[in-house]
Amino acid sequence: MRSFLAPQTIKPPSSPTPSSPISPLCCLSTSILAASTNKNHLIQSLCKRGNLQQALQALSQEPNPTQRTYELLILSCTDRNSLSDGVRVHRRISDDGSDQDPFLATKLINMYSEMDSVEDARKVFDEIRHRTIYVWNALFRALTLAGEGLEVLDLYRQMNMSGTQSDRFTYTFVLKACVASEELVELLNKGKEIHAHILRHGFETHVHIMTTLVDMYAKFGRVAHAAHVFDEMPVRNVVSWSAMISCYAKNGKHFEALELFQETMLAKTESFPNSVTMVSVLQACAALAALDQGKLVHGYILRRGLDSILPVISSLVTMYGRCGKLEQGQRVFDQMKERDVVAWNSLISMYGVHGFGNKAIQVFEEMINSGVNPSPISFISVLGACSHAGLVEEGKMLFNSMVKDHGMYPTAEHYACMVDFLGRANRLDEAAKIIQEMRIEPGPLVWGALLGSCRIHCNVDLAERASRRLFELEPTNAGNYVLLADIYAQAGMYREVKRVKKFLKSRCLQKVPGRSWIEVKRKLHSFTSVDEFNPHKEQLHALLFKLSSEMKEKGYVPQTDVVLYDLADEDKERIVLGHSEKLAVAFGLINTSHGEPIRITKNLRLCEDCHLFTKLISKFAEKEILVRDVNRYHHFQNGVCSCGDYW
DNA sequence: ATAGGGTTAG
């Protein structure tokens with residue numbers, strides 16, 4: 001490597017640059033002459049002013065660019081996102097032997113990484129002999145961003161063997177690498193190993209590293225591990241809090257997310273939530289349909305002046321949508337000064353889950369007309385809307401336009417939407433054909449959509465085919481087995497039902513218990529059908545029994561096919577009457593005032609009997625009831641449901 | 001000597 005202190009080349013006086021005519025003085029001292037031809041300062045200031053082309057021009061006239069000059073050139077190329085110019089600068093650096101400078105190598109790796117050219121970053125790394133920890137870290141970061149987590153972990157092992165010590169940055173990069181890869185399960189152990197390194201090297205007090213650890217366990221779904229790390233942290237900042245709240249919100253622990261936010265972070269610490277915190281909190285409110293909590297959070301957002309931040313507003317739209325408050329969601333959206341594709345997507349899927357398919361399509365078109373390009377998620381949202389509203393032809397057209405007009409490749413989710421709305425419309429052959437002709441391997445999402453449709457139309461043959469694939473793809477997902485058993489039960493094939501249930505038991509697999517929530521006077525109440533300790537249980541059962549008897553006189557026939565046990569009819573009736581959703585309805589009838597709608601959330605799909613029961617209640621009790629199940633909204637009013645019995 | 005890291009929208 002050439003020293004940067006090497007004597008500078010002196011240009012012969014016979015070839016002066018035109019802009020600097022030689023004065024007699026210059027000939028007296030070589031150093032003065034060198035200074036007058038030195039373009040380093042010029043290049044640097046051109047870079048700072050963003051004038052990359054002129055800087056490159058000047059570079060060609062400068063025989064001895066300094067390290068700082070190269071650094072600014074690299075940064076300037078990165079800013080411009082100009083790969084060709086970056087390569088030019090890189091070549092020049094190699095030409096004068098500076099490519100063995102670890103500082104510049106680090107900068108080059110970062111540059112290539114920013115330009116999504118991880119192969120070039122890797123080349124820089126491979127060619128440099130003296131690898132400082134900065135060089136290693138830069139490559140780790142580049143590979144992680146490119147999703148090459150496994151490669152990072154392999155290099156990390158090599159680095160440890162070469163005797164180079166990790167620093168505090170290394171740990172955050174390799175922890176992220178553990179989750180930046182498809183092979184999540186295997187890498188959990190790798191992450192735990194790194195966790196041990198971190199403790200061994202005394203970094204357990206380091207906020208950045210420990211927060212990354214929390215996030216890593218969160219992404220592996222290891223909530224207890226994440227909470228343990230978080231609890232042990234001696235110092236936490238707003239990012240740590242946000243990471244832990246997000247961990248709960250993303251892993252289905254919505255109550256815990258709200259509790260940590262309200263009862264711990266706000267009440268007991270000096271940490272101020274920021275926009276990122278609010279996004280996770282709103283997500284939890286949305287998931288629980290906790291409208292009162294959501295409104296409080298909205299108020300808080302306004303007071304803290306976070307209401308102009310795009311992700312926050314999108315989350316607000318989603319929260320109001322998922323709480324059944326479409327007008328509020330629309331209002332929040334209308335007040336936005338600028339709208340990005342995520343905000344539009346929030347609005348589209350808000351109308352979608354409520355069954356307003358045409359409105360969702362209209363919003364989708366408005367988005368395009370306003371000059372915002374649809375993202376793959378826009379299509380998932382609008383196709384999902386078509387599904388919920390039974391808009392088969394519209395859905396097919398949108399799907400085709402995604403490929404033709406927007407040049408997008410459909411993902412498994414897009415195909416699953418297609419299969420879903422074709423299947424629901426009892427066009428099962430067409431749905432099966434879509435699966436056959438997919439340009440990617442059909443995954444569990446797609447087969448699951450087909451199986452769901454088979455359940456609606458009670459198609460045992462196709463259901464067996466779909467479930468065979470599903471059992472191969474996700475052998476431990478109890479939901480698939482239950483769905484098949486459900487179909488057998490509908491078809492009266494109880495021996496098959498028994499077989500499936502026996503199989504479930506032999507594998508120690510359990511169906512997710514049904515759970516319903518209702519928010520009354522700012523407090524969330526949760527119900528399951530098996531909870532013996534619920535203080536309201538007796539009262540609710542008595543009320544349900546009374547209602548059921550009254551409605552039976554008016555023609556209600558309990559839909560007991562959903563019960564997977566071969567029992568006497570009256571036992572089946574007792575079971576469906578104890579479903580969590582009915583308990584929540586009963587609780588709502590007792591605890592809401594006249595004219596106030598009941599709003600319920602459920603973690604599974606609504607069963608036939610609960611659907612029928614709720615429809616009738618909405619008529620006989622003259623009560624508006626909103627139920628959000630795992631897929632969509634049901635708006636019950638005067639004996640009718642907004643889904644048109646099609647869900 | 002210099003450089004760089006964690007939480008976010010369907």
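Residue numbers start from 1 in every chain, and the chains themselves are labelled A, B, ... in the order their sequence lines are given, proteins ahead of strands. What you are looking at is a predicted structure, and each value in this text was computed from that prediction instead of being measured.
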Checking side-chain polar atoms at under 3.5 Å, does A:Thr411 have a donor or acceptor matched by the opposite partner on A:His414? yes
Tell me: CD of A:Gln283 to C1' of B:dG10, nearest whole Å? 10 Å
Atom CD of A:Gln158: over 12 foreign heavy atoms under 6.0 Å: yes
Could you check how far CZ of A:Phe203 sits from C1' of B:dG5, rounded to whole Å? 12 Å
A:Val214 side chain near A:Met210 side chain, heavy-atom distance below 4.5 Å: no
Report which part of the nucleic acid A:Val341 touches: base, sugar-phosphate, or nothing (heavy-atom distance under 4.0 Å, all strands). nothing
Using a heavy-atom cut-off of 4.0 Å across all strands, would you classify A:Ser240 as base, sugar-phosphate, or nothing? base
Could you tell me how far apart A:Ile245 (CD1) and B:dG6 (P) are, to the nearest whole angstrom? 19 Å
Can you check the A:Arg168 CZ to B:dG5 P distance for me, whole Å? 11 Å
Atom CD1 of A:Ile301 and atom C1' of B:dA9 are separated, to the nearest Å, by 13 Å
Selected nucleotide, minimal atom distance to A:Lys219 side chain, candidates B:dA9, B:dT7, B:dG5: B:dT7
Examine B:dG10: is either OP1 or OP2 under 4.0 Å from a nitrogen or oxygen in the side chain of A:Lys250? Give yes or no. no
Measure from CE on A:Met233 to P on B:dG6 and round the result to the nearest Å. 14 Å
Describe, in one word, how the ring planes of A:Trp344 and A:Phe333 are oriented to each other, choosing from parallel (under 30°), tilted (30 to 60°) and perpendicular (over 60°). perpendicular
With a 4.0 Å cutoff (strictly under), does any side-chain N or O of A:Ser246 reach OP1 or OP2 of B:dT8? yes
Short side-chain donor-acceptor distance under 3.5 Å, A:Thr170 and A:Asp167: yes
Within the pair A:Lys176 and B:dT7, is there a side-chain N or O less than 4.0 Å away from OP1 or OP2? yes
Parallel, tilted or perpendicular, judged at 30° and 60°: which one describes the rings of A:Phe356 and A:His354? parallel
Return yes if the base of B:dG6 and the side-chain atoms of A:Thr211 contain a donor-acceptor N/O pair under 3.5 Å, otherwise no. yes
Under 4.0 Å, counting only non-hydrogen atoms across every strand here, what does A:Val279 touch: a base, just sugar-phosphate, or nothing? sugar-phosphate
Under 4.0 Å, heavy atoms only, any strand: does A:Thr172 hit a base, just the sugar-phosphate, or nothing? base
Counting only side-chain nitrogens and oxygens, does A:Thr318 get under 4.0 Å of the OP1 or OP2 atom of B:dG10? yes
Please tell me which of the listed nucleotides, B:dG10, B:dG5, B:dA9, lies nearest to the side chain of A:Ile380? B:dG10
What is the distance, to the nearest angstrom, from the CD1 atom on A:Ile377 to the P atom on B:dG10? 8 Å
Rounding to an integer number of Å, can you tell me how far A:Glu114 CD sits from B:dG5 C1'? 14 Å
State which of B:dG6, B:dT8, B:dG10 makes the closest approach to the side chain of A:Ser346. B:dG10
N/O-N/O pairs, protein side and nucleotides 1-3 of chain B side, under 3.5 Å:
{"residue": "B:dA3", "atom": "N7", "partner": "A:Tyr134", "partner atom": "OH", "Å": "3.1"}

Establish, yes or no, whether a centroid distance under 6.0 Å links the rings of A:Tyr171 and A:His206. no
Parallel, tilted or perpendicular: which fits the ring planes of A:Tyr156 and A:His197, with parallel below 30° and perpendicular above 60°? tilted
Is A:Ile209 touching bases, backbone alone, or none of the nucleic acid, heavy atoms closer than 4.0 Å? base
